[in-house]
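Heads up, the thing below is written out as structure tokens.
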Amino acid sequence: MSADPTPPAEPEHDAAAPRRGRLTVLAGPTAVGKGTIAAYVRTHFPGVWFSVSMTTRRPRPGEVDGVHYHFVDDHEFDRLVEAGEFLEYAVVHGAAKYGTPRGPVERVIREGRDALLEIDLQGARQVRETWPEALFVFLAPPSWDELVRRLVGRGTEDEAERERRLSTARGEMAAQSEFDEVIVNDDVRRASEELVSLMRSGRTDR
Ligand code: 5GP
């Protein structure tokens, strides 16, 4: 019997290699409740690993450095940008800089764990460029009026800032079709469970 001259095809999955985890990116307009969903998932689904972003904004009461964000100054942020340490970064709401440190995400995915990024639309678009196999989830409000009501209701922004955020939100709402999945945040528990079940549904092999 003559030997087959063609080398065997690379196996699609190397049985010896550990399963890689899945990266999920959650984005959505201002005041849609991304933070609330993230908090619910943190509490109820401890198996989900959350990226801790760097930001140049000041901590709010109750926020812990290294838990909610790594709080850094402008100089340090720019140094990390130069060093290529971010998977993505953006100036959000024309104010502070935010970025996802690359190293921890890559390590967690290599270790086979599932990771979640809660970032803005500009950041989601950057991740799409460099990590297209991630799952991109858009969190939408039940309606535009409800989004306005939530933004006014939380009372953390003044009138001018609200207007600015709503104008950004209009553009962000139009970007829904860029995402793999849309979750309507009509109920925090339901929406959070839908997110986690999407993360676990094995849809990355697109
Ligand atoms: P906040 O200051 O209210 O915590 O977040 C403001 C916005 O920044 C939210 O839309 C949040 O999703 C976004 N954000 C938080 N971390 C990151 C990040 O690492 N990268 C990007 N691009 N946006 C982020």
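Since we're looking at a predicted model, the values are computed, not measured. Each residue takes its place number in the sequence, starting with 1. Indexing begins at 1, ligand by ligand and atom by atom, following the structure's order.
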- Item | Options Glu118, Arg165, Met54, Gln122, ranked by nearest heavy atom to atom 11 (C) of ligand 1, top entry | Glu118

- Message: With side chain to side chain contact (heavy atoms under 4.5 Å, CB included) as the test, pick out the partner of Pro101 among Met54, Glu106, Glu85.
- Response: Met54

- Note on the structure: For atom 6 (C) of ligand 1, the closest protein heavy atom turns out to be Tyr98 OH, 3.6 Å

- Message: Taking the basic N atoms (NZ, or NE/NH1/NH2) and the acidic carboxylate oxygens, is any pair closer than 4.0 Å for Glu159 and Arg162?
- Response: yes

- Message: Could you tell me, atom by atom, which parts of ligand 1 come under 4.0 Å of a heavy atom of Arg57?
- Response: 1 (P), 2 (O), 4 (O)

- Query: When you look at OH of Tyr98, are more than 12 heavy atoms from neighbouring residues, nucleotides or ligands closer to it than 6.0 Å?
  - Reply: yes

- Message: Tell me whether Tyr69 reaches ligand 1 (any heavy atom closer than 4.0 angstrom to a ligand atom).
- Response: yes

- Note on the structure: Closest to atom 20 (N) of ligand 1 among protein heavy atoms sits Glu88 OE2, 2.7 Å

- Query: Relative to each other, are the rings of Phe45 and Tyr40 parallel, tilted or perpendicular (30° and 60° limits)?
  - Reply: tilted

- Just let me know how Tyr89 lines up against ligand 1, side chain, backbone, both or neither, with a heavy-atom cut-off below 4.0 Å. neither

- Query: How close does the nearest protein non-hydrogen atom get to atom 10 (O) of ligand 1, and which residue and atom is it?
  - Reply: Lys34 NZ, 2.7 Å

- Message: I'd like to know if Arg19 pairs up with Asp114 as an ion pair, taking the criterion as any Lys NZ or Arg NE/NH1/NH2 lying under 4.0 Å from an Asp or Glu carboxylate oxygen.
- Response: yes

- Note on the structure: Nearest non-hydrogen protein atom to atom 19 (O) of ligand 1, with distance, is Ser53 OG, 2.6 Å

- For atom 23 (N) of ligand 1, the closest protein heavy atom turns out to be Asp120 N, 3.1 Å

- Message: Test of understanding: given a 4.0 Å heavy-atom threshold, classify the contact between Val92 and ligand 1 as side chain, backbone, both, or neither.
- Response: side chain

- Please determine which of Arg42, Met199, Arg22 meets the side chain to side chain contact (heavy atoms under 4.5 Å, CB included) test together with Leu116. Met199

- Under 4.0 Å to a heavy atom of Gly123 - the qualifying atoms of ligand 1, by number: 22 (N)

- Query: Is it true that Arg190 and Glu193 have a side-chain N and a carboxylate O under 4.0 angstrom from each other?
  - Reply: no

- Item | Cationic N near anionic O, under 4.0 Å, Glu146 to Arg150 | yes

- Item | Numbered atoms of ligand 1 (with element) below 4.0 Å of Ala90, judged on heavy atoms | 22 (N)

- Message: With a heavy-atom distance limit of 4.0 Å, tell me whether Gln126 approaches ligand 1 through its side chain, its backbone, both, or neither.
- Response: neither

- Answer side chain, backbone, both or neither: which part of Arg60 comes under 4.0 Å from ligand 1, heavy atoms only. side chain

- Task: Using a strict cut-off of less than 4.0 Å between a Lys/Arg side-chain nitrogen and an Asp/Glu carboxylate oxygen, indicate whether Arg57 and Glu63 qualify as a salt bridge.
- Result: yes

